[in-house]
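Comments concern the structure below.
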Amino acid sequence: MAHRNYERIYAVVRRIPRGRVATYGQVATLAGMAGQARQVGYALHALPHDSDVPWHRVLNARGAVSRRAEPGTEALQRALLEKEGIRFDQRGRLDLAAYRWVPRRGRSR
DNA sequence: TTTATGGCTGTCA
DNA sequence: ATGACAGCCATAA
């Protein structure tokens, strides 16, 4: 079987509290893979549907749901976030400054 | 093995 | 503010 460094990523994503979001880059950094935001995207893409990882709480640096291969999933992600109390503007983006998850007292700024 | 994408990001126009 | 480019690295073919 293949090495699953993805566990690293999943562990980080699992720590994102409800009603909070993180960017791919942020997750990558917290997982010890700074600069490899893309790999985070792949890791989440490979995530099974019965997983307990809140993949929907991960957004791109623009504070919006990223465009991906399968169309229905974007809407699903947004719906899940709205269900957690996160509001999007007319552009489909949210205020990262307000919803960004901060792992510890330290500020990422 | 090489080549082509890709759930991204930061910089520049 | 948006749009185009380049860089990073893993997975798929």
Side-chain angles (χ1 to χ4, degrees):
Chain A
M1 33 201 297
H3 22 233
R4 27 186 95 194
N5 287 350
Y6 290 162
E7 279 301 326
R8 203 76 167 172
I9 295 171
Y10 298 155
V12 173
V13 177
R14 251 184 288 242
R15 285 165 50 196
I16 303 175
R18 207 158 159 276
R20 233 41 245 222
V21 299
T23 65
Y24 292 100
Q26 185 182 355
V27 172
T29 300
L30 291 173
M33 311 195 282
Q36 303 182 308
R38 271 184 166 165
Q39 195 186 337
V40 174
Y42 283 110
L44 296 181
H45 177 74
L47 206 55
H49 292 93
D50 57 349
S51 164
D52 57 337
V53 178
W55 56 273
H56 57 276
R57 293 178 190 149
V58 184
L59 311 173
N60 61 31
R62 296 172 182 171
V65 175
S66 293
R67 272 282 211 85
R68 41 196 186 353
E70 298 199 43
T73 323
E74 302 176 34
L76 170 62
Q77 178 168 12
R78 175 169 171 167
L80 288 171
L81 290 174
E82 291 182 319
K83 199 156 78 171
E84 296 187 351
I86 292 177
R87 295 208 244 171
F88 290 80
D89 61 18
Q90 299 181 352
R91 289 256 201 95
R93 307 198 316 198
L94 54 78
D95 185 359
L96 267 185
Y99 294 112
R100 163 117 46 188
W101 170 52
V102 181
R104 309 221 170 180
R105 39 209 169 80
R107 299 261 338 245
S108 51
R109 199 180 350 167

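Quantities reported herein were computed from a predicted structural model and do not represent experimental measurements. Protein chains get the first letters and strands the later ones, always in sequence-line order, with residue 1 at the start of each.
Across all strands, A:T73 comes closer than 4.0 Å to no nucleic acid atom at all (heavy-atom distances).
Atom CD in A:Q90 sits roughly 15 Å away from atom P in C:dA1 (whole-Å rounding). Regarding A:Y42, its OH atom lies at a distance of 9 Å from the C1' atom of C:dC9, rounded to whole Å. Rounded to a whole Å, the CD atom of A:Q26 is 11 Å from the P atom of B:dG10. Across the protein-nucleic acid pair, A:E74 atom CD and B:dC8 atom P stand 10 Å apart, rounded to whole Å. To the nearest angstrom, C1' of C:dT11 lies 18 Å from CZ of A:R68. Rounded to whole Å, the distance from CH2 on A:W55 to C1' on B:dC8 is 17 Å. In this entry the distance linking CZ of A:R91 with P of C:dA1 reads 8 Å, nearest Å. C:dT11 atom C1' lies 10 Å from atom NE2 of A:H45, rounded to whole Å.
Comparing atom distances between the A:R93 side chain and each of C:dT2, B:dG7, B:dT9 picks out C:dT2 as nearest. Closest approach to the A:L44 side chain among B:dG6, C:dC9, B:dG7 is made by B:dG7 (side chain taken as heavy atoms from C-beta onward).
Between A:Q39 and A:G25, the one whose closest nucleotide on DNA chain B sits nearer the 5' end is A:Q39.
A salt bridge does not link A:E74 to A:R78: none of the charged nitrogens lies less than 4.0 Å from a carboxylate oxygen.
Heavy-atom distances under 4.0 Å link DNA chain B to A:N60, A:A61, A:S66, A:R67 of residues 59-67 of chain A, given in residue order.
Of the possible donor and acceptor atoms, none in the side chain of A:Y6 sits under 3.5 Å from a partner among the backbone N and O of A:Y42. A donor-acceptor pair is defined here as one N or O able to donate and one able to accept, closer than 3.5 Å; such a pair exists between the side chain of A:Q26 and the backbone of A:W101. Side-chain atoms of A:R8 do not come within 3.5 Å of backbone N or O of A:G32 as any donor-acceptor pair.
By the 4.5 Å heavy-atom criterion applied to side chains, A:Q77 and A:L81 are counted as neighbours.
For the OP1/OP2 pair of C:dC9 and a distance below 4.0 Å, the side-chain nitrogens and oxygens of A:Y24 include no atom meeting the criterion. Distances shown here put every side-chain N or O of A:R38 at or beyond 4.0 Å from the OP1 or OP2 atom of B:dG10.
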A:M33/A:Q39 under side chain to side chain contact (heavy atoms under 4.5 Å, CB included): CA gap, chis, key distance, verdict: CA-CA 9 Å; A:M33 311 195 282; A:Q39 195 186 337; 3.8 Å; yes
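With a cut-off of 3.5 Å on both pairing distances, the Watson-Crick or G-U wobble partner of B:dA4 is C:dT11.
When the options A:V21, A:V12, A:I16, A:T23 are evaluated for a side chain to side chain contact (heavy atoms under 4.5 Å, CB included) with A:V58, the one that passes is A:I16.
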